[in-house]
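The structure appears right after this line, and notes come after that.
Atoms within a ligand are numbered from 1 in the order they appear, just like the ligands themselves. All residue numbers refer to positions in the sequence shown, counting from 1.
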Amino acid sequence: MAFDSKDTAAFKGVWVFCEQREGVIMSTSYQLLSEGRKLANDLGVELCGVVLGKDIKEDYLKALGGYGADKVYYCNHELLDVYTTDAYTKVICDLVEDKKPEIFLIGATNIGRDLGPRCAARLHTGLTADCTHLDVDVAKYKEFLKTTSTIDVDNTVFEENTNLKMTRPAFGGHLMATIICPRFRPQMSTVRPGVMQTQPYDEAGAAKTVIENVNVALSKDDIHVDVIEVKKAAKKLVDLIGADVVVSVGRGISKDVEGGIKLAEELAGVLGGVVGSSRACVDAGWITADHQVGQTGKTVHPRIYVALGISGAIQHLAGMQDSECIIAVNKNESAPIFDVASYGICGDLYKVTPMLIEAIRAA
Ligand code: FAD
């Protein structure tokens, strides 16, 4: 039967695009599968992972079951070895048109941000970009709203439906917008890496998952670009998302940028962590963009987050306020960062940070 995105009743199941680079599945995929598992349980449907690539190890495909996938659609083709928009869009759209999933989640990585909207447009459906929360269960969604919004949740009437509620920051992070796509399927969403928690690996799930090899109809004529060479970034990017401790610097280091970053590196070193930053430092060219925490940077949930000379703008808080323990050093006692801090030190970072380093070394 012809594909019709408006025939909402014909769509079933939750899908996750499981991105791989050089044959290795990216951690974002595990986060999305864990989140997808909850949605699939609430809807009582199957969760499927979708992997595109060339000669991916079977163990890697099976492992997706350990994070919740009932089934893995594996599209194996030499033209899928390296990402190209044309090839990936074609293969994904062919598969969606054939199998008709109800929900399709894609990580908001560089590839996902390119692939998601292209597929949504071709499939004549909607896409909510850069989501930070997803729900199909109205009761659970109300609980989420109670923790994030000022509306009177108990006295508000909610439509009891299973439309995916896709929440994302809007208007520069000043409000959280919940978006639904009630008339078209699949409901598509790109999800910020690092926001969803990966569930513990389940051996039994991995053993049970079914790998379905998909017949890929793809030729060079479908692709309008030639990838001549893939060059890796010369410098290893900082792994903020997986870090246990993040020590971030803000504009407060402007008096001595080099000295401020050195102090942050030293503190991160003694705590076994990495250095992050506010956007102000990235915009000023003091540190590279891979260090940026916040709405347009990375979302982190470390055990310890140290903010040195960061005011606590809402866009910065969006990326770090779920950290287990927040330690803020700021010379302005009314800086908003102190509102979210577990421990606040009002003082000059150039004086306080060496004392912290010394105290930790001595402990
Ligand atoms: P400031 O706000 O200038 O704060 C500097 C702080 O340092 C002050 O509180 C000051 O009291 C303190 N200070 C100064 N000297 C010292 C000292 N010697 N010792 C101790 N404290 C000192 N920002 C992000 O961080 N991440 C994002 O992802 C992000 N995305 C954005 C997206 C949009 C659409 C927009 C509009 C903005 C975004 N921003 C983001 C920018 C954000 O609004 C703020 O401008 C930014 O976070 C401010 O950075 P800051 O706290 O380092 O600087």
Side-chain angles (χ1 to χ4, degrees), residues 107-110 113 128-133 167-177 190-195 237-241 243 246-268 273-302 305-323 326-359:
T109 59
N110 289 343
R113 284 170 201 243
T128 305
D130 222 17
C131 290
T132 53
H133 184 84
T167 304
R168 53 153 298 160
F171 294 106
H174 289 283
L175 63 84
M176 299 300 280
T190 56
V191 181
R192 297 198 91 190
V195 169
L237 301 181
V238 60
D239 181 14
L240 280 179
I241 291 174
V246 177
V247 179
S248 284
V249 288
R251 205 179 341 239
I253 62 165
S254 61
K255 198 172 75 180
D256 171 11
V257 172
E258 218 175 289
I261 293 176
K262 209 160 158 253
L263 281 174
E265 283 171 349
E266 229 175 302
L267 182 56
V274 297
V275 173
S277 85
S278 71
R279 176 161 152 182
C281 299
V282 174
D283 288 349
W286 299 341
I287 199 160
T288 52
D290 53 309
H291 292 85
Q292 186 183 319
V293 173
Q295 185 193 321
T296 42
K298 309 250 170 61
T299 305
V300 297
H301 311 270
Y305 187 88
V306 186
L308 300 175
I310 293 178
S311 59
I314 189 158
Q315 296 89 354
H316 188 79
L317 301 186
M320 48 62 77
Q321 62 192 351
D322 290 335
S323 305
I326 297 171
I327 302 169
V329 181
N330 197 302
K331 66 180 185 186
N332 174 6
E333 63 178 342
S334 48
I337 191 76
F338 288 133
D339 297 340
V340 297
S342 325
Y343 300 95
I345 304 170
C346 186
D348 184 340
L349 71 92
Y350 294 99
K351 290 192 184 131
V352 175
T353 317
M355 287 158 77
L356 285 174
I357 295 167
E358 211 181 296

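When only interatomic distances are considered, the shortest N/O to N/O separation between G250 and ligand 1 does not fall below 3.5 Å.
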Problem set entry | Derivation and outcome, side chain to side chain contact (heavy atoms under 4.5 Å, CB included), residues M320 and I337 | CA-CA 11 Å; M320 48 62 77; I337 191 76; 4.0 Å; yes
For this session: List the steps and the verdict of side chain to side chain contact (heavy atoms under 4.5 Å, CB included) for I253 and L349.
Result: CA-CA 8 Å; I253 62 165; L349 71 92; 4.1 Å; yes
For this session: Apply side chain to side chain contact (heavy atoms under 4.5 Å, CB included) to S277 and V293, showing your working.
Result: CA-CA 6 Å; S277 85; V293 173; over 6 Å; no
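Judged as a side-chain contact (heavy atoms from CB on, under 4.5 Å), and not counting sequence neighbours, the contacts of V274 are V238, L240, A243, V246.
Which parts of ligand 1 touch G347 is read off a 4.0 Å heavy-atom cut-off, strictly below it: atoms 19 (N), 20 (C). Contact atoms of ligand 1 toward Q295: 27 (C), 28 (O) (distance under 4.0 Å to a heavy atom of the residue). Listed by number with element, the atoms of ligand 1 under 4.0 angstrom from any heavy atom of T296 are 27 (C), 28 (O), 29 (C), 30 (N), 31 (C), 32 (C). Below 4.0 Å from some heavy atom of D348 lie the following atoms of ligand 1, by number and element: 17 (C), 18 (N), 19 (N). Listed by atom number, the atoms of ligand 1 under 4.0 Å from G294 heavy atoms are 26 (N), 27 (C), 28 (O).
Residue nearest to atom 32 (C) of ligand 1, selected from R279, K298, M320, E333: R279 (by heavy-atom distance). Counting heavy atoms only, Q292 comes closest to atom 28 (O) of ligand 1 of the residues K351, Q292, R251. Atom 44 (C) of ligand 1 has its nearest heavy-atom neighbour, among G297, C346, A313, S334, in A313. Considering only non-hydrogen atoms, atom 16 (C) of ligand 1 lies nearest to G252 out of A284, G309, G252, P336. Of the candidates S254, A289, G319, S278, the one placing a heavy atom closest to atom 49 (O) of ligand 1 is S278.
For S311, heavy-atom contacts with ligand 1 shorter than 4.0 Å involve the backbone as well as the side chain. Here V293 has backbone heavy atoms under 4.0 Å from ligand 1, and that is the only part of it that gets that close.
Residue contacts with ligand 1: K255 is excluded, as none of its non-hydrogen atoms falls under 4.0 Å.
Remark: the R192 side chain and the T299 side chain contain an N/O donor-acceptor pair separated by less than 3.5 Å. A side-chain donor-acceptor contact under 3.5 Å links R279 and T296.
Applying the salt bridge (charged side-chain N to carboxylate O under 4.0 Å, His left out) test to pairs two or more places apart or on separate chains, those with a residue in residues 337-354 are K255-D348.
Salt bridge absent: D290 and K298 never bring a charged side-chain N and a carboxylate O closer than 4.0 Å.
Taken to the nearest 0.5 Å, the CD1 atom of I357 stands 10.5 Å off from the CD atom of E265.
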